[in-house]
Every structure is written in C-alpha cells, then in structure tokens.
Amino acid sequence: MIGPHRKTSSTPRRLVLACVTAMLAAFVAACGTDYFEIPIETPIQPKLDVSPFQRVLVIGFVAGGTDDVDANQETVRLLRSQLRTKSSLKVIDADILPLMDVARDQSQQVGTIDESNGPRGEGGAAPRPASANSSGGERIQGVSLPSNIKDEKDLEPYERLFANTAYWKRIGEEFQNPLIVTGTVLFTNRSTSGFVQRDQETFDSLGRRRVMPMRTYMERKGFILRPKFVFIDGRTGATMYSESYREEILYNAQQNTPALSSYFELMDRLVPNFLSALSSQKIRGTRVLLK
Amino acid sequence: MKAPVLAIVASAVVLAAAPSFADAKKEAKSQVEFGISVAQRGLWHEAIYRWEKATQIDPTYAAAYNDLAIGYEHEGQLDKARKAYEKALELDPNNSQVRQNYELFKEINDRTAQKDK
C-alpha cells in the first residue's frame, strides 16, 4: 500500500527537480563565466636615473645592534652580490669603509678646528681614502658620537655623515664618479610574549582532519632589521635619494635560530625594494577581468 | 493638434534610440569580451585598445573600466590605471572584485609613491 503510493508521488517531484536542474544548467551555460583571473606583471620604473653612472660603489654602512652579526660587512657583501647579478651597473670591489670611525674622526676634527681656529694636520683624521680631514669639507658638527650603537637614537648623530658632500665628492673622485651606496643598518634582538593565534590540526573520531585557530600564550624571540639606504651622486657628493625599511622576525623562544640566518632572511625581503630604486622591476600578481 | 504630433515624434525618437542604445551596450560588451580573450593570450596592447573602445561606446560600463585599469597596470601606466579603477568604482561602488583589484593595485602604487618621499 505504501510502496505504490510513494512511487506515484515522488515521480513528478523528481521530474520537476530534473527540469529545474536542467534549466539552471542551461542558464549558467548561456550566461558563461563573468570573471576571469589573469596573471599580470606590473613593471615598476626605477626611482633613480642611473644612466649617468656605469659603476656602483657600495662603500659601507654605519651599523649597530647585536654583536652576533657584522651588519656593515654582511650588508655590503649582500648588496654587491645582488647588484652584480640584477643590475646593469658594474660593481666596484673596494675595501669596506668603517663609516663609524670615519664619522667619529670627522667629529673630532671639528673639535680640533674649533679649538685651534684652523684645520689640524693631515694625521688627525681617518686613514681611509678621501677622509674628511682634507680641506674644504663640511664636517660633522662637534657632537658626541656613541661608540656602541644599540638603538635608533644612537644612530641619529651619525646621519650627518651622509650630508657631508665634500667627503662623498672626494670618495667619488677617487673611484671615478660612481653611484655611491651607503646608509645605516640596525640589527637588534627582540623578545616578546603574549597570545598568538595559530592553526591547530585535529582529527575527530572518524579520522577526519580539521584545522582550528587556537590562541596560545607564547614567549618569542627574534630580530628587527632597520636599514636605511642612501644613494649618493659620486660626481657631486650630494644625496640623490634615501629610503628606510623595517622588518621583523620572531621565533618560538625554544627555537635557536642563528642571528646571521635571521639577518639574511630579513634582508631577503628588502632586497627587491633596494633593487627597485636602481633598476626596473616586475611585480607579479593576479587580477580579475570582468565581462 | 501640435501636442499629439510632438508626443508622437518624441515617442518615435525614444523608440528609435532604444535599440541603438541596446546595440551600443552589446557592442561594448563584445569589445570587452574580445579584449579578455586577447589579454589571455598575452596581447595586452590589443586588449587595451578594445577596452578603451568599450568605454567610449558605453561610458557607464564599469567592467570595461576595470579591465582597462588592469591593462594599464600590466603596462606600468599606473596613473591611468588608478583613474580607470576609480571610474569603475564610481560606476559600481559595491563590486567586490573591482575593489579587490584596486586594493592590490594600491599596494604597488603606494610602494612607488613611497619612493617619492
């Protein structure tokens, strides 16, 4: 009794469902897709016109922060190798300048000038090429420069070094007027604690995998990298352009990641930005085209 | 006597214009579709030409401005891209896909603008 009754009532319903499904399918087919994802490559023009230069000199950085990494040496080496492969400029291999010492020498020089009301002898300044003891240079005013740079405040007085056009012009003359790359690098430790949201994988009684966001209290440690790249015209000694960045990386406190590998990981993120100042870059992305 | 005549003339104009307006919409849509098909094959100059044409035929066509903005972005013409995205959003402010495209574009545009500081 129940069987035949069920059969007669469900058949028209199925027919209606089938018709509706077919109509929907036909409608979708007729309409087609109204959007299309498409990969694009946006070319970014270099900020600097480097056409007057054939060569680039990454001379050195005023560096501070942790003692685990020599940020001056490592930054110079990394940028030189990147420029060799990813720019049309010829990279000059020269000794890396300890710019902190240069800045301190220039500062002391001013003190001496102030005291004697005239320039001191040649021996009083940095024994580096074209150091600021040469006459005619604008010098760092007699401010105390911290010998150990731990934070941004310590770095501030060193910034004046980059405004010393006479000094940079002299460096430029020595290397046949290249584009000079210098700046500051601060690579510091960081530790923090607090709640962190993480995805946690769980399996239910049927063995199905689920990923749930979980808030857990964590102690983390890592590093902050704060470089400032200064581009100087070797012909005039004037700053053409400068840019500052900040990148941070944190690990679980139990994880022991060497400072140098963290430094490279953070620099890896910044290098495309650095290069885009000198050469055109293409930024890959995806957009949605609409009908 | 004049009023009915005028009404008839006006209706005739409206009726005559309606199909041509519909034709314009259809033409603009076909230009956009052609633009999409050539862009997918990497022919971006041709695609931009088609999308520009579509916006001229139908200046209210938000999708055409969106596609044109993407074309300009791909060519590195960021000022033109920004204007086209803004026009698309002006015409269709609630379109989430246009907005998403614009947000992604702004990330790149802000980066280049940052350099100007």
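Each chain gets a letter, A, B and so on, in the order its sequence line appears, and its residues count up from 1. As a basis for the values below, the full set of heavy atoms in this structure was taken, side chains included, without hydrogen atoms, waters or symmetry mates.
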query: Got a sec: does the OH of A:Tyr35 have more than 12 other heavy atoms crowding it under 6.0 Å?
result: no
message: Would you say NZ of B:Lys26 has more than 12 non-hydrogen atoms from neighbouring residues, nucleotides or ligands within 6.0 angstrom?
response: no
query: Counting heavy atoms not belonging to B:Lys25, are there more than 12 under 6.0 Å from its NZ?
result: yes
- request: Identify which one of B:Asn109, B:Ile70, B:Leu104, B:Ile108 satisfies the side-chain contact (heavy atoms from CB on, under 4.5 Å) criterion when paired with A:Thr42.
  value: B:Ile108
query: Checking heavy atoms, do the side chain of A:Ser280, its backbone, both or neither come under 4.5 Å from chain B?
result: neither
statement: Closest non-hydrogen atoms of B:Val32 and A:Lys291, given as atom of the first, atom of the second and distance, are CG1-CA, 4.0 Å
field: B:Ile36 vs A:Ile38 side-chain heavy atoms within contact, under 4.5 Å
entry: no
- request: Can you tell which part of B:Ala62 gets under 4.5 Å to a heavy atom of chain A, answering side chain, backbone, both or neither?
  value: neither
- prompt: Can you check side-chain contact (heavy atoms from CB on, under 4.5 Å) on A:Ile40 and B:Trp44, steps first, answer last?
  reply: CA-CA 10 Å; A:Ile40 66 162; B:Trp44 285 93; 3.7 Å; yes
message: Please check: side-chain N/O of B:Asn101 versus main-chain N/O of A:Arg287, any donor-acceptor pairing under 3.5 Å?
response: no
Heavy-atom side-chain contact between B:Trp51 and A:Leu289 under 4.5 Å: yes
field: Under 4.5 Å from any heavy atom of chain A - which part of B:Asn66
entry: side chain
task: Please look at B:Tyr61 and chain A and tell me whether the side chain, the backbone, both or neither of the residue comes under 4.5 angstrom of a heavy atom of that chain.
output: side chain
message: A quick test of your reading: do over 12 heavy atoms of other residues, nucleotides or ligands sit less than 6.0 Å from CD of B:Glu103?
response: yes
query: With a 4.5 angstrom heavy-atom cut-off, which part of B:Glu75 approaches chain A: side chain, backbone, both or neither?
result: backbone
query: Between B:Gln40 and chain A, which part of the residue has a heavy atom less than 4.5 Å away: side chain, backbone, both or neither?
result: both
query: Within a radius of less than 6.0 Å around CZ of A:Phe264, do more than 12 heavy atoms belonging to other residues, nucleotides or ligands occur?
result: yes
Derivation and outcome, side-chain contact (heavy atoms from CB on, under 4.5 Å), residues A:Ile44 and B:Leu78: CA-CA 9 Å; A:Ile44 302 294; B:Leu78 302 187; 4.2 Å; yes
